[in-house]
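In what follows, a single structure is set out as structure tokens and then discussed.
The sequence lines fix the lettering, A, B, ..., with proteins before strands; numbering per chain opens at 1. Quick caveat, the model's predicted, so the values are computed rather than measured.
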There are 2 protein chains.
Amino acid sequence: MGDDRLFALQRRERVMDELRRHGAVRVRDLARILEVSELTVRRDIAALAARGLLTRVHGGATLPTELDPATPAVPSRRPRTAATAFTIGMVVPSLDFYWPPIVSGARASAAALGVHIQLRGSSYDQAEDRRQISRLIAAQQVQGLLLAPNLEGEGADELIDWIGNLPVPTILVERQTPDWTPTPRQLEWVRSDHALGLETAVRHLHEHGHRRMGLVLSKGSPTSAHLSVGWQRACADLGLPAEFVVRESVALDVPGHREIISRILERCRHHRTTALIVHSDPDAISIAQYLAEQGLSIPGDIAMVSYDDEVAQLAEPAMTAVRPSKSRVGRVAVEMMVARLVEGKRRPPQRVLILPELVIRNSSVNSTGQLWSAATGDAAPYT
Amino acid sequence: MGDDRLFALQRRERVMDELRRHGAVRVRDLARILEVSELTVRRDIAALAARGLLTRVHGGATLPTELDPATPAVPSRRPRTAATAFTIGMVVPSLDFYWPPIVSGARASAAALGVHIQLRGSSYDQAEDRRQISRLIAAQQVQGLLLAPNLEGEGADELIDWIGNLPVPTILVERQTPDWTPTPRQLEWVRSDHALGLETAVRHLHEHGHRRMGLVLSKGSPTSAHLSVGWQRACADLGLPAEFVVRESVALDVPGHREIISRILERCRHHRTTALIVHSDPDAISIAQYLAEQGLSIPGDIAMVSYDDEVAQLAEPAMTAVRPSKSRVGRVAVEMMVARLVEGKRRPPQRVLILPELVIRNSSVNSTGQLWSAATGDAAPYT
DNA sequence: AACCAAACGTTCAACTTCGAACACAGGGAG
DNA sequence: CTCCCTGTGTTCGAAGTTGAACGTTTGGTT
């Protein structure tokens, strides 16, 4: 095709381009610029308007607007279900550990917004992640994907690239990409700010006089990396030694957990450590139980803060814990996806951090302090 | 006849905008501002009133009210979630530079959600920030605050602490605190990811073969710090020299801008620089103009990318630009605040990054590339 | 209560834009 | 090669938009 005329589709793309640049376009101007008749331009505009990409006005078109007289004045009752009832695919690495609150938050939000969720469990394995995602795509049933693939190890970059080129929009959940991704659009994500959560714990203990702390991390959890970052940052800021880190699971069901805990306490004595931050409630409870057996008091001899707050309140004494709001992560993920599906490419990519809360109970400050803290808790700035 | 008159729909948007800004409008004033007859304004107002977007009154119109005699007593009106009609205070450092799109995004979102916005202009000065914020608090009229204080220089930490202890919830807009803040709750914020935006520009130029680039930053803009971060990061990742950075404003209204530009081009020649990224469209346009005068072609001799995309499309050639969606920042800020006000303390703090888009025009790749880009644009993952 | 100026609505006219009908060109399938 | 479909252009009556003129209503003032 030797002539420089554009294909219809290209021309419409240019119309949208002009529109985005100027906010409004005039049929007459477009006809001149594109070197086609005004009627053709009108037909283009009509086609684009039919897809809701712009709003027709007498003489041209503007960016889509609520004032569009073509859309019914009062959508009145249900702006919800009318929205073509989206189905969102969700692939999480585990269905019985860490993820249930996230999934349930997502489900609740989906129900409220009138969309469906197709859930797939994967393992913490990239090949399995891909298989599950491919199946969802192949079924042609989902308009968007919430993913939590394994991004550690070798194939991470390639996997990110693959995800970014899937034919439906994707949002990563509890995962973070490098800032810049080589994908057509920058990937979106929503995750808990675990680093900040851990920092909050360290500073809480620091405020109550502790100067030597230890950190016990669950082995093999993707959360550990973030916790480690927060630990380093907090210790650096506060001028604390950051070397006391143990990477061992010590929950009651781990064989040999008593020996590991015993070694940890050995280190505590040696370093004069007065506080421990423990990832995962079961591990914290296990340590608390061992301490009790040894006749050591919490928080008198050792203060403890647990990270996760699933069952921390069941410990004896009730355990101060950092609580990342997992259900909120699921909820925000669904809300973001619905917004993306409704608004399409007009919506710029977003990335959201959900900040964990510190729930102060009795394992970190003695109960008089607890009372005080509860009192001021109620007097917090707003309700 | 370059008809610069607005379309009817745009005019009506302006009417709604004025209305949101002032709470009420007069037919006479609108006719003068919009440069149409009063009759036309009346017709617009009548049309908007018919959709329930405003209430007609003798002489003009006001925001919709239940007292509107035109509306029947049937409560089948819009989704007036405003059972409690929140008022949100907003303090921005400037009312005529950078901030108007953010404010207007916030206003539109507020109107959609049925809340009011009280706007205060400050300067880029902490004392003035405090005064404006204090006034809003003292008036007892606002239930929440969107703030963009100056957090550079001495008193930043103290100011953050002060803000965190205000008696109403606050959200920072286009500002970021240190990760951890010593406030009762961690501060929330929403901001453009300018660093990522700049990184996108660098990588775009890198993809098209440029290996030596320069960065021109507006002097004294709070955005510059972020841009500098993105520049360092991108150059480090790509293995490019990162030393060519100029911190001078070179817009046409800066005295001596020609000398500065001339020195910049001198450096370009010396370093064999083939691409420039320029913060702020006016500065980029100014440089483009100078290049044209010198007989240098864009992008042939020097490729250019502008940062901000306010007027980049008006340059000759139309300028490739990074566009941070400012209106979206305002919109998300209001949505976050309303969510916070509705949900109270149950809602964990959130922090949101809005990612800028790269708008590829003709100053960075030659126009054959444009055709290609338009064609593949249609094949984008989703619509 | 009477009055007046401003605001409003109706009607008509000038002008612009829209779209239906028909004609024509070009590429792909049979 | 022909047929057919899609996309495009021209013409012309229909429909939409705006503003001037003028009579009517409204809100406030004397």
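- The two residues B/N362 and B/P299 come nearest to each other via the heavy atoms O-CD, 3.4 Å.
- Protein atom CZ of A/R28 is 16 Å distant from nucleotide atom P of D/dT17, rounded to whole Å.
- The separation between B/L34 atom CG and D/dT17 atom P is 17 Å, rounded to whole Å.
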Just list the side-chain donor-acceptor pairs under 3.5 Å for residues 97-105 of chain B, sequence neighbours left out, or say none.
unit_1, atom_1, unit_2, atom_2, d
B/Y98, OH, B/E174, OE2, 2.9
B/Y98, OH, B/H194, NE2, 3.1

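- In this structure, CD of B/E38 is placed 11 Å from P of D/dA20, rounded to the nearest angstrom.
- The closest side-chain heavy-atom distance from B/L54 to B/I45 is below 4.5 Å.
- Put simply, B/R56 has a side-chain N or O that comes within less than 4.0 Å of OP1 or OP2 on C/dG9.
- Taking only side-chain nitrogens and oxygens, A/R43 never comes nearer than 4.0 Å to OP1 or OP2 of C/dG19.
- When rounded to the nearest whole Å, the span between CZ of B/R26 and C1' of D/dT26 equals 14 Å.
- A/H58 places its NE2 atom 6 Å from the C1' atom of D/dT17, with the value rounded to the nearest Å.
- When distances are taken from the side chain of A/L39 to each of C/dA21, C/dT17, D/dA20, the shortest belongs to C/dA21.
- If you check every strand for non-hydrogen atoms under 4.0 Å, A/V57 touches sugar and phosphate atoms only.
- Applying the ring pair (Phe, Tyr, Trp, His ring centres under 6.0 Å) test to B/H208 and every residue at least two apart in sequence or in another chain returns B/H204.
- Rounded to whole Å, the distance from CG on B/L9 to P on D/dG16 is 16 Å.
- At least one side-chain nitrogen or oxygen of B/T40 sits closer than 4.0 Å to the OP1 or OP2 atom of D/dG19.
- Remark: A/R42 is not in phosphate contact with C/dT17, judged by side-chain N or O atoms under 4.0 Å from OP1 or OP2.
- The phosphate of D/dT8 has OP1 or OP2 within less than 4.0 Å of a side-chain N or O from A/R11.
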